[in-house]
Amino acid sequence: FVSFIVGAFAAALIGLALVDERLLEASLWGRKLVWYAAILGTVLAISRGMIVEENAAFNPQEVMEKVVKYTHYLPRHWRNRCHHQEVQKEFEGLLQYRFMMFVDEMLSIVVTP
């Protein structure tokens, strides 16, 4: 609903810009219409990012097959057991978190001669 309403106002502002771009320099409640267009665009992007697929169901086996396609790594004891907690913990142990990778990269700049 929010995406629809915000999108309508954003489309109106884009329509104004197409008619005459000087209209975007007009003030409304102390702000220029360009400011409102930027805010509406941000809200529209955030609200559209929050829309989820209705029929999306988590299937660990399918997701693991996609991962294996790129990594070529699937131990025997993981096969047909991707929904178990111990497989998930082992898999998470193989991957570094993005923050830690960032910290490692920043430290390597300082530490490396």
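Keep in mind that the numbers below use all heavy atoms, side chains included, and drop hydrogens, waters and symmetry copies.
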When rounded to the nearest 0.5 angstrom, what is the spacing between [atom1] in [X] and [atom2] in [Y]?
{"X": "Tyr36", "Y": "Phe9", "atom1": "OH", "atom2": "CZ", "result": "11.5 Å"}
{"X": "Phe91", "Y": "Glu86", "atom1": "CZ", "atom2": "CD", "result": "15.0 Å"}
{"X": "Met64", "Y": "Thr71", "atom1": "CE", "atom2": "OG1", "result": "8.0 Å"}

(message) Once side-chain hydrogen bond (donor to acceptor under 3.5 Å, both in side chains) is applied, do any residues pair with His77, and if so which ones, sequence neighbours excluded?
(response)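 Per chain and number, His77 pairs via side-chain hydrogen bond (donor to acceptor under 3.5 Å, both in side chains) with Glu90.
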
(message) Test of understanding: with side-chain hydrogen bond (donor to acceptor under 3.5 Å, both in side chains), list the residues that count as partners of Gln85, not counting sequence neighbours.
(response)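 In terms of side-chain hydrogen bond (donor to acceptor under 3.5 Å, both in side chains), with neighbours along the sequence ignored, Gln85 is linked to no residue.
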
(message) Looking at every heavy atom in both Pro60 and Cys82, which two are closest together, and how far apart are they?
(response)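 Taking every non-hydrogen atom into account, CB-O, 3.7 Å.
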
Scan the side chains in residues 43-51 for donor-acceptor partners under 3.5 Å anywhere in the protein, sequence neighbours excluded, and list what turns up.
| unit_1 | atom_1 | unit_2 | atom_2 | d |
| --- | --- | --- | --- | --- |
| Ser47 | OG | Val43 | O | 3.1 |
| Ser47 | OG | Leu44 | O | 3.0 |
| Arg48 | NE | Ser3 | OG | 3.4 |

(request) Could you state whether Trp29 and Val6 fall into the same hydrophobic cluster, counting links through intermediate Ile, Leu, Val, Met, Phe, Trp or Tyr residues with side-chain heavy atoms under 4.5 angstrom apart? (result)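 Yes, because Trp29 and Val6 connect within a single hydrophobic cluster, where side-chain heavy atoms sit under 4.5 Å apart.
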
(request) Sequence neighbours left out, what pairs pass salt bridge (charged side-chain N to carboxylate O under 4.0 Å, His left out) with at least one residue falling in residues 57-79? (result)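 Every candidate salt bridge (charged side-chain N to carboxylate O under 4.0 Å, His left out) pair involving residues 57-79 fails, so no pair, neighbours aside, qualifies.
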
(message) Tyr70: which residues meet the ring pair (Phe, Tyr, Trp, His ring centres under 6.0 Å) condition with it, sequence neighbours left out?
(response)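 In terms of ring pair (Phe, Tyr, Trp, His ring centres under 6.0 Å), with neighbours along the sequence ignored, Tyr70 is linked to no residue.
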
(message) Which residues end up grouped with Ile109 if you chain together Ile, Leu, Val, Met, Phe, Trp and Tyr wherever their side-chain heavy atoms are less than 4.5 Å apart?
(response)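 Other cluster members: Phe102, Met106.
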
